[in-house]
Amino acid sequence: EGQYKGLSNYSFHDKFMFGVASAAFQIEGGWNAGGKGPSMWDVYLHEHPNYTLDSSNADVTADSYRLYKEDVSMVKDLGVTYYRLSISWPRLLPQGTDNYVNEDGVRYYKELFETLLANGITPVVTLYHWDLPQSLMVLGGWANPVMVDYFEDYARVAFKLFGGLVKIWTTLNEPHQHCSNGYGTDFFAPALSSHGVGEYLCVHYMLLAHARAYHLYNNYFKATQGGKIGITLDAFWAEPKVVNDPQDKIASERYMQMHLGMYAHPIFSKDGDYPLSVRQRVDAMSHHQGYSRSRLPYFTPEEVESLRGSSDFFGLNHYTSYLMTPSSLEPNWKVPSLDHDTGVRIEQEPSWPKPGASWLSVYPPGFRKLLNWVSNNYGRDIPIIITENGVSDTGGINDYARVDYYNRYLYQLLLAINIDHCNVQGYFAWTLMDDFEWKDGYVSKFGLYHVDFDSPNKTRTKKLSAYKYQEIVSTRLINFDTLDKRSLRRTV
Ligand SMILES: O=S(=O)(O)CCCN1CCN(CCO[C@@H]2O[C@H](CO)[C@@H](O)[C@H](O)[C@H]2O)CC1
């Protein structure tokens with residue numbers, strides 16, 4: 001659990017990439033400005049005004065479409081030299097397809113990338129952070145194999161237009177969250193609730209789309225542009241509820257394979273394809289449920305080959321951990337779902353602090369354990385970049401919980417790098433400023449900067465955690481005694 005006082009006994013080496021992250025739909029606003037086409041999230045929120053906790057939407061949010069120069073100065077103020085952001089597909093291609101490129105979208109992103117570079121900040125660009133053009137959603141979105149072609153066309157436009165400015169690309173953000181929450185349930189848009197069927201089609205075609213964009217870049221753009229391209233996956237850490245209970249340990253490993261291995265194994269393992277345990281489990285369950293074919297599609301041998309090794313780095317988003325125990329076969333076993341296929345009951349440890357979102361408990365050792373799981377399963381040669389990590393609260397400038405979270409999670413990262421030799425080469429704090437937090441609307445705050453969403457200029461204000469992150473980035477080590485509650489009381 002580490003010493004958690006004084007100065008950390010390890011530091012981040014000089015080449016370690018420190019950054020901060022955001023996403024187009026969550027901060028841009030300008031939902032229909034400058035010829036932007038509607039995304040499926042725009043449409044879903046307009047059609048379901050009470051979907052979010054505060055009945056809000058992202059039509060304006062932090063208004064970064066207008067205020068991006070201020071955002072760049074905030075990134076610079078943190079002292080980081082990398083900024084992870086995403087391109088809004090429908091702002092660039094309003095119809096989703098590459099027959100019509102929106103000049104205002106080209107202007108906006110070129111100005112944003114040039115402003116970042118002029119301030120010594122390297123843009124790290126995600127092509128897709130969930131805001132699918134509505135015109136493609138009506139075709140079934142990621143459940144439709146045609147998306148592989150349309151994503152390739154979109155990637156080609158982005159590489160062509162911005163490849164001179166952008167040298168680090170990520171194809172997809174968190175396909176697992178997008179597919180399970182948006183296609184498997186109604187927790188996220190498009191809320192298709194196609195449990196155990198649509199969600200696996202989404203997995204399958206997002207992975208194939210990723211591989212297509214990866215090879216497009218490597219075959220047609222890398223020689224002249226010289227950049228790197230990868231994918232961002234997400235994972236909770238699955239902690240056995242009883243640490244040495246063999247059944248709980250099996251359940252934890254099964255959870256990791258079904259929720260991370262399903263995406264990581266096809267790309268980062270030496271054999272490729274879905275993990276054997278995942279393949280067999282879904283095939284068997286599908287057969288048991290009377291399906292004549294598995295609910296998880298098969299890759300052809302060529303597709304397995306195209307996916308294998310299709311990433312220059314392992315982008316990983318991590319927030320929290322859950323306790324795992326095997327779940328008895330549900331009575332309604334006829335109803336398929338990823339959760340039912342996994343056969344694990346997840347619960348939260350009451351002693352782990354929960355400063356904000358209901359799903360986010362603070363368990364720093366889970367971060368180190370997850371990094372070792374990734375390194376043990378996929379090798380220590382693939383560079384890992386933490387593309388998101390952070391904690392939510394419900395507001396305020398003196399965000400002690402976030403100061404504590406960054407101290408402890410970055411300390412665990414130091415242990416994973418220095419003791420366990422996990423090859424982590426970069427870290428992006430989620431997120432630059434308070435933004436639209438999906439189902440939580442503006443209730444859950446993840447920002448290092450506070451945003452006053454009621455003010456005309458969406459006033460940004462530095463939080464305590466921004467000073468803390470600035471300190472870690474500049475000193476490259478953790479000082480547990482500054483900027484927390486104790487330091488303000490000057491006791492102990
Ligand atoms: O357990 S519950 O059934 O109650 C619902 C699970 C809730 N999920 C968990 C993870 N989170 C996705 C991570 O989402 C990522 O992290 C950030 C913070 O959420 C987002 O703002 C980023 O856009 C996204 O990349 C979204 C909500």
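Just so you know, ligand 1 is whichever comes first in the structure, and atom 1 is the first atom listed for that ligand.
- In this view, Y51 and W41, Y44 satisfy the ring-ring contact (aromatic ring centres under 6.0 Å, His included) rule, not counting sequence neighbours.
- The side-chain contact (heavy atoms from CB on, under 4.5 Å) test applied to A401 returns P355, not counting sequence neighbours.
- A centroid separation of less than 6.0 Å is found between the aromatic rings of F436 and Y442.
- The pair D42-K36 meets the salt-bridge criterion, with a side-chain N (NZ, NE, NH1 or NH2) lying under 4.0 Å from an Asp/Glu carboxylate O.
- At distances below 3.5 Å, not a single donor-acceptor pair connects side-chain atoms of R402 with backbone N or O atoms of G390.
- Under the salt bridge (Lys or Arg N to Asp or Glu O under 4.0 Å) criterion, D339 pairs with no residue at all, not counting sequence neighbours.
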Note down each nitrogen or oxygen pair, ligand 1 side and protein side, whose separation is under 3.5 Å; give only atom names and the distance to 0.1 Å.
unit_1   : atom_1 : unit_2 : atom_2 : d
ligand 1 : 14 (O) : E174   : OE1    : 3.3
ligand 1 : 16 (O) : Y319   : OH     : 3.1
ligand 1 : 16 (O) : E388   : OE1    : 3.2
ligand 1 : 19 (O) : E437   : OE2    : 2.6
ligand 1 : 21 (O) : Q26    : NE2    : 3.0
ligand 1 : 21 (O) : W430   : NE1    : 3.3
ligand 1 : 21 (O) : E437   : OE1    : 2.6
ligand 1 : 23 (O) : Q26    : OE1    : 2.7
ligand 1 : 23 (O) : H129   : NE2    : 2.9
ligand 1 : 23 (O) : W438   : NE1    : 2.9
ligand 1 : 25 (O) : H129   : NE2    : 3.4
ligand 1 : 25 (O) : N173   : ND2    : 3.1
ligand 1 : 25 (O) : E174   : OE2    : 3.4
ligand 1 : 25 (O) : E388   : OE1    : 2.9
ligand 1 : 25 (O) : E388   : OE2    : 2.8

